[in-house]
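As structure tokens, the structure follows; a few thoughts come after it.
These numbers were taken from a predicted model, which means no experiment stands behind them. To find a chain, count down the sequence lines: A is the first, B the second, and so on, and within it residues start at 1. In what follows, every heavy atom counts, from backbone to side chain, and hydrogens, waters and symmetry copies are set aside.
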Amino acid sequence: MGADVCFATTEDLLEYFKDHTEIDFDTETEGFDPYTCKLLSAQFGDAKNQYVVDCNTISMQEFKGLLENPNICWNMQNAKFDLKFLYHQRIVPKKIFDTFLAERVLTTGLFRARKALDFLVHKYCGQTMDKTVRGNIHREGLSKRVIIYAATDVAYLGEIKRKQIAKLTEQNLLKAMQLDNLYVKVLAYIEYSGFKLDRDLWIKKMEKDYANLDKAHTALNDWIINSEFKEYIDTQLDLFSEDLKCRINWSSSKQVVEFFKKLGVDTQIKDSKTGGFKDSVDAKVIKPQKDLSPIIPIYLQYKGYEKVVSTYGNSFLKAINPVSGRIHTQFTQIMDTGRLSCGGKNRSTKEEYINFQNIPATPEDREEDMVYARDCFIPEEGYNFIVADYAGQEQIVLANQSLDKDILEFYDKELGDMHSFIASKIYPEIGDDLNQIKKNHKNKRQIAKSAGFAINYGGNGITIADNLSISQEEGEEVYESYFRAFPGLKNHFAKAKQGVLNTGYVEFNTLTKRKSYIDFFDEYKKLEKRIREYGFWDRYRAGKANDTHEFRTELRPLVKDFFKYQGMMERKSLNYPVQGTSAEITKLAGVYLFNHLEEQGQLFDTWLPNVVHDELLVECKEEYAEELAKVVKDCMEKAGARYYTRVPLKADPYIGKDWCH
DNA sequence: ATCTGTAGCGCC
DNA sequence: AAAGGGCGCTACAGAT
């Protein structure tokens, strides 16, 4: 671009933008962490003029009024990043349009739009951005070419936004986009808040985990050394040692498979990728065979400790921020179902981020003297946690979406135990006294529980049979009776399946109309076209009968792929609306809560350390806790009611010093 | 030494 | 014809 660089004062900038209702905004920083890295520049712009503020000489406080002006929408690419640096200056913009999030909303399911702006500049403006200057910002300061580079980052945002809004309108996605543009402020705040880890307790936990792992490891090796499996004993003694050694690396599933087969364990499972069989020492495969040999339970124990030692170990300590003393992780805001994900690694800085969404839940029956991972997450001195999750969030969303008469009855009459209720519907002969079923028909209740779970995720009779280790026929029978019992659900699911096959996307709900697009839909349609060609099935049958080359190499794989894709789409069509709408409800609850904190002046005094799909975690001063817990409950239920009123979503916050669940 | 794919498993 | 949804991390195994 024919750039013309000239000097301007803070007053010039404020004067220029005073009547703007939208401003393109970006920052350059020393790095990714607002606690340890400085803000270098801030760029304010529109299509005509861009201002580059040197943050070394000018305080961002000069622009606080502008940035917090409620009439201005800030157009940003990946706003979460810049927001954290603004939060660090206690500046909270009111309205955001994030071109990165808009792109993800437009292309959910297809591919994951990246955070770099150059892709969108190319896609929407046909321009190529020169990113080579970026690396020099730190070294050469605000030189002319750096100024031009920095200004370029905000020159295109307005144009991208307008073109995105046209597409969002066309695809009926404006509301989904609005929700995520509201939520990005919340998610930035969650990352900025961080989560306090008790370092000493975590070290104690690691020591105990290591000791347990070591004990299990020794037990495994001793078992081998004292066994008949001489081929796994290393007899080549070390010069100064008389110890025999076990040759098996217990962390290698390949080696353990080999040994377990010799032990007589059935390691065969179906490979869903190839359709053939493969060997596995997955816990769910070998656990049912644990009575075969005492080494199997020891191995399972070893695997458990290996997991907590490796995944939930030293990386957590390394992640503690030297300035805040807390762990600040990174979330991704829009995955294929609109859910968040968490964790990751920065490719350039090698920084590793902790996944806050899969930290082991503390078991009900705590072992004496054990330290569990969640025990180590604590509130600051004088603060409390408020832990709030939705009760049966996905189940209730499904009830509202399917409006199945009998499922509604369960909620209307507050019958209590869902699994017993389903059992009573599948097996009418056991009556409808749910307490009695829970006590006297444990097996049928277990079948109902497992079936309900599988079916909600698109499973079928065979899945149920696999899960319960019952015959295929029995599994099919459970599947059939489930849908006989809930015809409304059956009808709802049939419509969902038809929908995705017709359109190539799954629409989550009627409020936001958020969609997840099927990335292999074109391929599916091509296969479908071939299969629908006149005479295809005659050729298929003839080929199959004669086992022809064409059948093996062309016809069979084609049909196989066709049905594989169709099955995948159908299962997504059942699950995504439930999972995705639940994610939206949790996001909206977060927005309501954030707005409350902002209005009450409680931001930076009350923290949001984590969010896990259906759960919000708040950290506030002890004296706020009682009242704020009510607000949290209210925000969550209000968010639920924005989507569904037929069966209300409920939340019940817990106040305490621990992250219990 | 570094990368990629897979198995296995943690959470909802 | 296949046969439960969504994620991310760690170890191994095999490759470069």
Side-chain angles (χ1 to χ4, degrees), chain A residues 109 112 249-257 267 269-275 278-286 300 303-304 306-316 329-332 335-345 352-361 373-374 389-390 392-395 398 450-467 472 475-476 479 506 516 527 531 540 544 555-580 582-583 586 610-615 661:
Chain A
R112 307 244 161 95
N249 176 357
W250 298 100
S251 297
S252 161
S253 53
K254 199 176 170 230
Q255 293 179 32
V256 177
V257 159
T267 55
I269 59 160
K270 254 200 205 160
D271 184 351
S272 56
K273 276 199 197 75
T274 65
K278 63 173 181 181
D279 292 305
S280 164
V281 285
D282 192 324
K284 68 177 184 292
V285 178
I286 59 169
L300 289 168
K303 295 282 285 183
E306 189 191 38
K307 181 75 178 177
V308 292
V309 161
S310 60
T311 306
Y312 307 101
N314 205 39
S315 57
F316 281 63
T329 193
Q330 297 223 349
F331 288 87
T332 301
M335 304 305 283
D336 286 359
T337 62
R339 263 193 180 182
L340 308 180
S341 75
C342 181
K345 188 173 174 181
E352 288 173 5
Y353 297 99
I354 299 297
N355 185 350
F356 277 174
Q357 295 183 316
N358 70 349
I359 296 173
R374 291 198 188 202
D389 65 343
Y390 283 103
Q393 189 191 37
E394 293 201 350
Q395 292 294 326
L398 179 58
S450 182
F453 188 71
I455 287 169
N456 284 351
Y457 291 151
N460 57 26
I462 292 180
T463 324
I464 295 166
D466 278 356
N467 290 348
Q472 205 161 305
E476 298 288 5
Y479 184 77
V506 181
S516 191
L527 296 175
I531 278 174
Y540 181 86
K544 188 177 181 180
L555 304 181
R556 187 167 59 187
L558 192 156
V559 169
K560 201 169 161 176
D561 280 351
F562 174 76
F563 283 108
K564 190 177 80 181
Y565 285 145
Q566 184 165 299
M568 285 168 73
M569 283 192 282
E570 287 177 345
R571 290 194 295 278
K572 284 173 196 283
S573 78
L574 305 190
N575 181 250
Y576 280 23
V578 175
Q579 190 182 117
S582 297
T586 306
N610 199 8
V611 52
V612 192
H613 306 305
D614 68 342
E615 171 189 346
H661 184 65

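Side chain of Met335(A), nearest nucleotide from dG5(C), dA3(C), dC7(C): dC7(C). The listed nucleotides are dC11(B), dA1(C), dG8(C); the one nearest the side chain of Asn355(A) is dG8(C).
By the ring-ring contact (aromatic ring centres under 6.0 Å, His included) test, Phe563(A) is found to be paired with no residue, residues two or more places apart in sequence or in another chain being considered. Residues meeting the side chain to side chain donor-acceptor pair (under 3.5 Å) test with Ser516(A), sequence neighbours left out: none. Residues passing the side-chain contact (heavy atoms from CB on, under 4.5 Å) test with Ala583(A), sequence neighbours excluded: Arg339(A). Residues satisfying the side chain to side chain donor-acceptor pair (under 3.5 Å) test with Asp282(A), not counting sequence neighbours, are Lys284(A). For Ser252(A), the side-chain contact (heavy atoms from CB on, under 4.5 Å) partners are Asn249(A), Lys254(A), Gln255(A), not counting sequence neighbours. Shown here are the side-chain contact (heavy atoms from CB on, under 4.5 Å) partners of Ser253(A), two or more places apart in sequence or in another chain: Val281(A). Here Asp336(A) pairs with Arg112(A) under the salt bridge (Lys or Arg N to Asp or Glu O under 4.0 Å) rule; sequence neighbours left out. With sequence neighbours excluded, no residue forms a side-chain contact (heavy atoms from CB on, under 4.5 Å) with Pro557(A).
If you check every strand for non-hydrogen atoms under 4.0 Å, Gly344(A) touches sugar and phosphate atoms only. Residue Tyr353(A) is classed as a sugar-phosphate contact, given heavy-atom separations below 4.0 Å to backbone atoms only. Using a 4.0 Å heavy-atom distance criterion, Phe356(A) is classed as making no nucleic acid contact. Contact annotation for Lys345(A): no contact, since no heavy-atom pair falls under 4.0 Å across all strands. Counting non-hydrogen atoms under 4.0 angstrom, Arg339(A) reaches a base of the nucleic acid. Leu574(A) comes within 4.0 angstrom of no nucleic acid atom, judged by non-hydrogen atoms across all strands.
Distance CG (Asn610(A)) to C1' (dG8(C)): 14 Å, rounded to an integer number of Å. Summarising the geometry, the separation between CZ on Phe316(A) and C1' on dT10(C) is reported as 12 Å, rounded to the nearest angstrom. The CD atom of Glu352(A) sits 8 Å away from the P atom of dC9(C) (whole-angstrom rounding). Rounded to an integer number of Å, the gap from Asp614(A) CG to dG5(C) C1' is 15 Å. The distance from atom CZ of Arg571(A) to atom P of dA1(C) is 16 Å, rounded to the nearest whole Å. Nucleotide dG10(B) holds its P atom 13 Å from the CZ atom of Arg374(A), rounded to whole Å. The separation between Asn314(A) atom CG and dT10(C) atom P is 11 Å, rounded to whole Å. If you take CE of Met568(A) and P of dG5(C), they are 8 Å apart, rounded to a whole angstrom.
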With a 3.5 Å cut-off and sequence neighbours excluded, list the donor-acceptor pairs that the side chains of residues 569-579 of chain A form with protein atoms.
{"from": "Arg571(A)", "atom 1": "NH1", "to": "Gly567(A)", "atom 2": "O", "distance (Å)": "3.4"}
{"from": "Lys572(A)", "atom 1": "NZ", "to": "Tyr576(A)", "atom 2": "OH", "distance (Å)": "3.0"}
{"from": "Ser573(A)", "atom 1": "OG", "to": "Glu570(A)", "atom 2": "O", "distance (Å)": "2.6"}
{"from": "Asn575(A)", "atom 1": "OD1", "to": "Gln579(A)", "atom 2": "NE2", "distance (Å)": "3.2"}
{"from": "Gln579(A)", "atom 1": "OE1", "to": "Thr337(A)", "atom 2": "OG1", "distance (Å)": "2.8"}

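At the phosphate of dA13(C), OP1 or OP2 sits under 4.0 Å from a side-chain N or O atom of Ser252(A). Taking side-chain N and O atoms only, Gln255(A) has a distance below 4.0 Å to OP1 or OP2 of dA13(C). The phosphate of dG6(C) has neither OP1 nor OP2 within less than 4.0 Å of any side-chain N or O from Tyr457(A).
Atom P of dC9(B) sits at a distance of 32 Å from the matching atom of dA1(C), rounded to the whole Å.
Note: Phe316(A) and Tyr312(A) have tilted aromatic rings, judged against thresholds of 30 and 60 degrees for the angle between ring planes.
For the segment residues 560-567 of chain A, the set of residues with a heavy atom within less than 4.0 Å of an atom of DNA chain C comprises Lys560(A), Phe563(A), in numerical order.
No side-chain donor-acceptor contact under 3.5 Å links Asp614(A) to the backbone of Thr586(A). Formation of a donor-acceptor pair under 3.5 Å by the Thr329(A) side chain with backbone atoms of Ile354(A) is found in this model.
Closest-nucleotide positions on DNA chain C for Glu476(A) and His613(A) were compared, and the one nearer the 5' end corresponds to Glu476(A). Checking Val559(A) against Glu306(A), the closest nucleotide of DNA chain C that is more toward the 5' end is the one next to Val559(A).
Two residues are said to be in side-chain contact when any heavy atoms from C-beta on lie closer than 4.5 Å; Phe331(A) and Val611(A) meet this criterion.
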Going 5' to 3' along nucleotides 1-9 of chain B, which nucleotides have protein heavy atoms under 4.0 Å from the base (write B), which only from the sugar-phosphate (write S), and which from neither (write -)? ------SBB

Distances for protein N/O vs nucleotides 14-16 of chain C N/O pairs under 3.5 angstrom?
{"from": "dG14(C)", "atom 1": "OP1", "to": "Lys254(A)", "atom 2": "NZ", "distance (Å)": "3.2"}

